[in-house]
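One structure is given below, encoded as structure tokens.
Chain naming here is simple, since letters A, B, ... match the order of the sequence lines and numbering starts at 1 in each.
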Amino acid sequence: MSLKITREKIKNFLVDKIEEISGQNVFDCYQCGICSSGCPVTDYMDYSPNQVIRLLQLGSVDEILNSKTIWICSTCLQCSTRCPKGIEVAKVMEALRTINLRQREGTLKPEDIKSKELKDLPPIALVSAFRKLTG
Amino acid sequence: MKKIGVFICHCGINIKDTVDVDRLTEELADYPGVAYIENYMFMCSDPGQNHIKDAIHERKLDGVVVAACSPTLHESTFQTVLKESGLNEYQMEIANIREQCSWVHTDIEQATHKAKLIIKTAIEKLKLNESLYPVSAPVTKKALVIGGGIAGIQAALDIADAGFQVIMVEKKPSIGGHMIQLSETFPTLDCSQCILTPKMVALSKHKNIKLYVNSEVESIDGYVGNFNVKIKQEALYVDPAKCNLCDDCTEVCPVLVPSEQDEGLSWRKAIYIPFPQAIPATYTLDVENCLGLEPIACGKCREKCIAEAINYDATDTIIEEEVGAVILATGFDLYPVENIPEYGYGKYPDVITSLQFERILSATGPTGGEIYRPSDGKVPKEIVFVQCSGSRDPEHHLSYCSKICCMYTLKHAKLYKHKVHNGQPYIFYIDIRAGGKRYEEFVQQAVSEEGILYIRGKVAKIYKEGDKMIVIGMDTLSNKKIEVKADLVVLAMGIVPSEGSHDLVKRLKINTDDKGFLSEAHPKLRPVESLQAGFYLAGTSQGPRDIPDSVSQASGAAAKALILLSSDKIYHSPIIASVDEDLCSGCAICVGTCPYGARELNEVSKVVEVNEILCEGCGACISACPSGAAQQKNLTDDQIDNMIKIIASGK
Amino acid sequence: MKSGYFPGCTLKTNAKHFEDSAMQVMEVLGHPLEEMENWICCGTVFSMTTDDLMLQLASIRNLLRAENQGYDELITLCSMCYNTLKRAKEFILNDEENLRKVNDFMYKEDSKFKGTTDVVHLLSILKDRITFEEIKNKVTKPLTDLKIGAYYGCLLVRPKELAIDDFEDPTIMEELVDTLGGEGVVFPYRLECCGAYQTIIEKDVTVKRTYEIINSARNAGCEALITSCPLCAFNLDQRQKETSEEFLEFSTMPVFYFTELMAIALGLKWNKDWKKLHYIDPVPLLKEKGLI
Ligand SMILES: Cc1cc2nc3c(=O)[nH]c(=O)nc-3n(C[C@H](O)[C@H](O)[C@H](O)COP(=O)(O)OP(=O)(O)OC[C@H]3O[C@@H](n4cnc5c(N)ncnc54)[C@H](O)[C@@H]3O)c2cc1C
Ligand code: SF4
Ligand code: SF4
Ligand code: SF4
Ligand code: SF4
């Protein structure tokens, strides 16, 4: 489906908000793709990290807010370290999660974790997952 | 008092939109000294110039202030107007109300006020201007070319063919630069050595060219048209006049050193000829790696040499030359590949640089032009090229595009295909930059007919598994992460100014840009001249470029140098320092501050004198002089005082 | 210089052997670890938003308490604690407005946060303060013949500003292994993420990561891995259970905390309780190499 772009749409409020929360300028990106080639979980994403940045440039924020990508990202910072333009892509991912978490539920609900598993899981895994994935 | 005319330019709308020129004209009409004032759309146009000329005649003006753009642009235009009108050109002052006013302000009220102050300062300065006449000096009709790559060679040949003497200084044992290392050259795929060696031979045989290899320029003193050059030539352990090129010495030498010519893919001896077609054709003894010049330590080569060409007692020599112009052609080096550890160079022998691959492709290279990989000598069936290695990465490496790597990589892939028909080349790229003549066609043909697969995305990492190199990249076009199990990986390294260029620049205090490339005087209009008068730039020392561009630029630099060499005299601005003999106490503090060595204490009269041709008018001595004896012509303390008073009054 | 030790939650539970071994090792090296009082969870994973200070409070509270207890530095063993505490500190200190706001929340503490306590990882202390030279002198049972892959994961080397070594080409852990008489093996996936907290909702992802990382280590010749992060340890060790179920040809590999191997090399007794906290039993390998 074609994406209809307009002046208002490409510079919309949510893009500004994402740039503000992440402290990153998504327009720095020149689509080299190294964020995606270095990302350990690109294969599980519906949009690769470079596509996320591209869609933000096009103002297509909803598409990304509803993506699987932002929840699959494991905050390993490989993208941020390698980006030749110094964009901390992981911070953009965090901002996208944050916008979701501030508006609606996250993807991890505590009651979903099976009690059998709960016993084995170390606190470090539980707390970090709650912090990243629970609203 | 001088009768001064003031001419305010609109510069189309550039000035007029921000500065109220009509009001200025009105308000300044009564300013003391102003005998005539007007404003006009384009003062620099022919009609504009005629306005000035007419006013000079009709109003009998003694001097002119032009309120317009920066003096770097039109100072000489208006100076000529004065000359043509019979006035001394130094009775003209420019008030820069564009760059320093209208372009940097938006508020009309404030900009108009500031423009008024700027014009008034120019009027005040002009009131005390003396009439001056350019200083002149003769020209030494000889050029120095530093660096013997293709750019230096071309510049030297052009100047020599025009009938002038050329001194060429090359750091390495042979001229040829990087081009002699290349296999075939894009976009025509002609053999690099075949097209370069005729030029090298022509240079060595040219009656007007004197070549010093294994040499470096130590210092250049003097000034445009009259430089004094000191060249340090490394000791000639092998006398070229006696050496008969028998190669006996190389055979007996026990030392192995990684070959520079083959980019470390083969070995050479400590006494060697860098490559068969080297110019000059002679052997070089590499003292740093030689076991010792004492016969006790080794001495095998001298023993063996029937021609008795080897002399261990030779010493470095300093050669002095006088030249009028200098061409800098110090070339490039590859960006240090060790800076990208994630690509594994150094750890894995089958990750190589583009220049190493050139050597593998070259008929005179370590594999005789057959494509074998370094680790085990197998023919690589799948080969990956990684573009933008080190380039276009402001965060970690070079911020700029190295310009040549897109094209040479494609050339590599093609030449590979021509030799390994069933092999598969992959090129990881971000963008393909193929802007030259017939370059785009070169790319398209390769993609449609030669089975070269471009993959759009930057490679994240390279590692080894078994005997394969695993390349992890991305294809942003299909949004797929790509993994290639390659037999050989070639890194298309970006390029930087050569190490030799860095050293030289430091020694000669030549301007460079923030990346270390030599700075041109103007990026568009004076691309082959340096800011230092008498220095010209050729080839990759000024920025990344390929052979056609290096050659055209070299010819451009030669043409500029020839303009200088073919004039009988050079003229130099008279805006220089002077000494008031009555005030000078002979303390000579100024002598030490002058960066150009233009001041000297006269031991008899005990006052300092200025060498007018050496003085660049930098003003260092003037601020250093404790007794006010040192003054800049037409920029005296009194003039500066008067200008400051205007600014300080704010009116 | 007064150094405090910050354990963090997991070192008291699933990674008890990490703490135990580190305590013993540091005792032998003459730098016993002194646990700070009253610590709380570090915050576990640094929040990367610019506008949510709540998520920084836990880290800052810890650092403030350490400050008030007179510590010039806090030593962490867990990479996550290191990363979270250190980044929180930099983030808050670099912005006066943030500092002021955070301090408004610290009313229950004895003073305001000033940021005087440094955060350092134990590996840096071993290398820079104690020195590998010194450690080498104290090795009594060298790890002869043991090929160890050092798994850095993310948190010791990223973001690059607080990497404990070169962020693309670190050597500190391999050097440590060499110091202990073993062979530090560089393997391609040593800086690749293990999947981290995805282990909870995207278990498959971590299983696949574990498979790739362990295989990469195996192909490079490693016989075991060392790490300094309990989350990595969990994914790389415990998840080998699921990995073995999913990939039939997969062969397992023991995963140690680096301090466990230090303990052995320094002649300390291998604690049988530690074994229980490993999923892949390391004892056979240690026996084979004559280390226990
Ligand atoms: C892998 C690769 C493949 C390429 N393929 C092609 C191609 O197919 N087609 C094409 O058009 N271009 C190609 N190029 C580009 C081409 O090599 C350059 O454009 C060209 O060589 C530039 O010539 P130069 O004279 O400016 O510099 P250089 O060739 O670097 O020559 C500079 C010379 O100056 C000397 N020197 C340096 N410092 C000093 C000093 N202080 N004193 C004295 N001497 C000094 C050096 O020793 C050297 O001899 C390729 C480049 C690379 C890296
Ligand atoms: S690494 Fe940076 S520049 Fe490259 S695609 Fe990703 S965000 Fe864009
Ligand atoms: S931080 Fe997220 S998006 Fe970036 S490389 Fe890691 S997993 Fe991928
Ligand atoms: S020329 Fe091509 S390969 Fe080289 S830096 Fe520019 S875009 Fe990259
Ligand atoms: S102005 Fe003075 S210091 Fe500068 S060049 Fe002239 S004499 Fe030397």
Enumerate donor-acceptor pairs with a distance under 3.5 Å from any side-chain N or O in residues 180-197 of chain C to protein atoms, sequence neighbours excluded.
unit_1, atom_1, unit_2, atom_2, d
C:Y189, OH, B:Y463, OH, 3.3
C:R190, NH1, C:P170, O, 2.9
C:R190, NH1, C:E174, OE2, 2.7
C:R190, NH2, C:D169, OD1, 3.2
C:R190, NH2, C:P170, O, 3.3
C:E192, OE1, C:R209, NH2, 2.7
C:Y197, OH, A:C73, O, 3.2
C:Y197, OH, A:T75, OG1, 2.6

For this session: With C:K160 as the cation and C:F167 as the aromatic partner, state whether NZ or CZ is under 6.0 Å from the six-membered ring centre and within 45° of the axis.
Result: yes
Problem set entry | Heavy-atom contacts under 4.5 Å, residues 342-355 of chain B to chain C | B:E342, B:K347
Exercise. Above 12 or not: heavy atoms from other molecules or residues under 6.0 Å from CD of C:E249?
Worked result: yes
Problem set entry | Lys/Arg-Asp/Glu bridge criterion (N-O < 4.0 Å) met for C:E90, C:K86 | no
For this session: Would you check, one step at a time, whether the test salt bridge (Lys or Arg N to Asp or Glu O under 4.0 Å) holds for B:K378 with B:D467?
Result: CA-CA 11 Å; B:K378 281 194 192 138; B:D467 70 343; 3.5 Å; yes
For this session: Tabulate, in ascending numerical order, the residues of residues 394-404 of chain B having at least one heavy atom closer than 4.5 Å to a heavy atom of chain C, or enter 'none'.
Result: B:E395, B:H396
Problem set entry | Neighbour count >12 (heavy atoms, 6.0 Å) for atom NZ, B:K419 | yes
Side-chain atoms of residues 422-430 of chain B: list all donor-acceptor pairs with protein atoms under 3.5 Å, sequence neighbours left out, distances to 0.1 Å.
unit_1, atom_1, unit_2, atom_2, d
B:Q424, NE2, B:G451, O, 3.0
B:Y426, OH, B:E382, OE1, 2.6

Problem set entry | B:Y416 ring center within less than 6.0 Å of B:H412 ring center | no
Exercise. Got a sec: does the NZ of B:K468 have more than 12 other heavy atoms crowding it under 6.0 Å?
Worked result: yes
